[in-house]
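Structure, as structure tokens:
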Number of protein chains: 2
Amino acid sequence: MKQEKPKLVTLQEVAKHAGVSQTTASLAIRGKLNISEATRQKVFASMQNLGYVYDRGAANLRSKGASSTVGLIIPDLSNPFYTELLIGIHQELNQLGQTVILGTTFDSATVQDRLVSTILEHRVAGIIFFVVPGSRREPLDRIRRLGIPVVLINRNLSEGHCDYVGIDNVTGGRSAVEHLVRKGHRRIAFLGGVSQLSSWHGRTEGYVSGLLAAGLDVDESLIIEGPMTRESGHVLIEKILALPTPPTAVLCYNDIIAIGAMMKLKELGLTPGYDMGIVGFDDIPEASIFSPRLTTVSSFPRRIGTHAVRLLHERIEGLDSEPRSVVLQPELIVRESCSHKNL
Amino acid sequence: MKQEKPKLVTLQEVAKHAGVSQTTASLAIRGKLNISEATRQKVFASMQNLGYVYDRGAANLRSKGASSTVGLIIPDLSNPFYTELLIGIHQELNQLGQTVILGTTFDSATVQDRLVSTILEHRVAGIIFFVVPGSRREPLDRIRRLGIPVVLINRNLSEGHCDYVGIDNVTGGRSAVEHLVRKGHRRIAFLGGVSQLSSWHGRTEGYVSGLLAAGLDVDESLIIEGPMTRESGHVLIEKILALPTPPTAVLCYNDIIAIGAMMKLKELGLTPGYDMGIVGFDDIPEASIFSPRLTTVSSFPRRIGTHAVRLLHERIEGLDSEPRSVVLQPELIVRESCSHKNL
DNA sequence: GTGAAAGCGCTAACAC
DNA sequence: GTGTTAGCGCTTTCAC
């Protein structure tokens, strides 16, 4: 830590050292073809010698070409669902030689606005955007106005009118309910999530349609909104239990909530699955680790990430078509959390 | 997606629009004092009007000042321990207005080298570095030679001679063994991790010293190395079970391995905790969710992240002192996975 | 308080 | 194949 910030070696110095012009050095470094093998060697030798480090910022400023960074905005890192998504995105992006600038909103619109600004100031090549609940179009428009490609993930913005990748929430919600009905449940609640989210609408719509298809009534009091956290699961399941006629099963907005609910059930001396059927959504690693193992609807976060990067990359490469949507089909993962005692 | 990349608004245009010089506009935007309130207002109005977006890259190129990005190199995102670490780092960095460039090595030295290069090319202000097992000093030196501050996390490099934050692995390992001994265990294995890691040495050293302090022999065949994954846990516990005289308890290098081991135990019809005592290391969220709840040594990933950012920030601000180390004391979290049937 | 001019490290024209 | 020149968008002297 003793040395002062040493002056950085510039391309000019490399060129001088190699006895060529700066242009030649630049071309050599970037592996352009029209450079003789001999000069290329010389330039590389000088680079090594002087300890040259390429300055992407400067290059980028001059070339106005696609920068090599991509902005990623997600709500939260403590939910494994987002982590899985991040892994998918990250892997794919690395393969393309792009680096990730990461921002987490914690589902706050204010933070989201700030993050968008920062990311924009970094002149990213594109943005993968998991919007905050109830987000207005404005942040999205700001990005689009600058001509920066965006792909929206999982939560769509009405009239967002841009590339989107997510899962079929309606089908997911519906298949969960169908499973519960097959298991003999007749009174089923929907727990957690907030109505500002397109994904919430999809999942509840599937829930309702599953109920109706089975000839069951929809009881509005059985749909309870709440944050997407473990703690929320505790609270929500207690509310449900306190109802005059509690349901025999609950479908949760996501696995985090489902696990929170199951933990509270255990705490109350009840057995999840036996005393109360539970289905989650996402299939995070915890789902298969918890006891009882959680029946859930898989939403393939890694694959979503992969698709998002592909769509974005095509845009960055200049694709100019109508907005595209990739909607993955969810899959019901049947495990142990749904066999009620009385059924 | 229809519009072509629109020409970006520059500071010059803002200045012209506001009827001031570019210098004045620049000073106004950065909130320097020697600008009258009236001009400041004018400039900001013009910014809004024209939809100006500050270009950090350009600013940075000219000023050679601290860039506003920090590089973060971690092994893997699928282990919640790293996620927690990332959360801690991220939160703290956001508060300082720094953005994160993220790289994951998957414990590969090759990937690590490539990542270091990329991050360096982005002219980061500093790097938080979780080195790969068996990493040589070379990547670290490359960074240091450029005068870029680094703080090492959890895994120290012998002679790294730079800022470091981690936990006291020796004490952690030792307290785990002491707990196991108190529970009546006399034959205890150490599972997983690789000997290229300073943290592995610390934990095994603690393990050995705990054994010796209790007057027990150290059986080298009970220390088995292995990758830090769930799958590795499966494999390792089977190896242990196949021994002529299996131990009654195992201390695992980390929680991931411990959980993998417990899952395999269940699969084999054995009850973790009852048939085999298990202690983990890290205290990831899964540890308290698994059944039986895992007794483990907490290593406070978020706090490590926070400390790392603080150390790094001070260096970025110009602190020029001898390398500093922050070593956090781990804490034994006693839960349910250690009461053997015969003890 | 404010302005004019120079230049950070690089690439893109265009010449040769 | 290689060199010359100009300039990306900003901050920084240094005048006034």
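Order of the sequence lines fixes the chain letters, A, B, ..., with proteins taken first and strands second; residue numbering starts at 1 for each chain.
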How many whole angstroms separate atom [atom1] of [X] from atom [atom2] of [N]?
{"X": "A:Leu50", "N": "C:dG9", "atom1": "CG", "atom2": "C1'", "value": "15 Å"}
{"X": "A:Lys16", "N": "C:dG9", "atom1": "NZ", "atom2": "P", "value": "13 Å"}
{"X": "A:Ile29", "N": "C:dG9", "atom1": "CD1", "atom2": "C1'", "value": "11 Å"}

Looking at [N], I'd like to know if its phosphate oxygens (OP1 or OP2) sit under 4.0 Å from a side-chain N or O belonging to [X].
{"X": "B:Ser36", "N": "C:dT2", "result": "yes"}
{"X": "A:Thr24", "N": "D:dG3", "result": "yes"}
{"X": "A:Ser21", "N": "D:dT4", "result": "no"}

**Message:** Restricting to side chain to side chain contact (heavy atoms under 4.5 Å, CB included), what partner residues turn up for B:Gln91, sequence neighbours left out?
**Reply:**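 Once residues adjacent in sequence are excluded, the partners of B:Gln91 under the side chain to side chain contact (heavy atoms under 4.5 Å, CB included) criterion are A:Phe106, B:Ile87, B:Arg302.
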**Message:** If the condition is side chain to side chain contact (heavy atoms under 4.5 Å, CB included), which residues does A:Ser108 pass it with, not counting sequence neighbours?
**Reply:** A:Thr110, A:Val111
**Request:** Taking side chain to side chain donor-acceptor pair (under 3.5 Å) as the test, write out the residues that go with B:Asn156, two or more places apart.
**Result:**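 Side chain to side chain donor-acceptor pair (under 3.5 Å) list for B:Asn156, sorted by chain: empty.
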**Message:** My understanding is that only residues two or more places apart in sequence, or in another chain, count here; which of them pass side chain to side chain donor-acceptor pair (under 3.5 Å) with B:Ser21?
**Reply:** B:Thr24
**Request:** Can you tell me which residue pairs pass the ring pair (Phe, Tyr, Trp, His ring centres under 6.0 Å) test with a partner in residues 52-83 of chain A, sequence neighbours excluded?
**Result:**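 Ring pair (Phe, Tyr, Trp, His ring centres under 6.0 Å) check on residues 52-83 of chain A returns A:Tyr82-A:Phe130.
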**Prompt:** Base, backbone or nothing for each nucleotide of nucleotides 8-16 of chain D, written B, S, -, heavy atoms under 4.0 angstrom, 5' to 3'?
**Reply:** BBBBB----
**Prompt:** If you round to the nearest 0.5 Å, how far is OG of B:Ser68 from NE2 of A:His122?
**Reply:**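 It is 4.0 Å, given to the nearest 0.5 Å.
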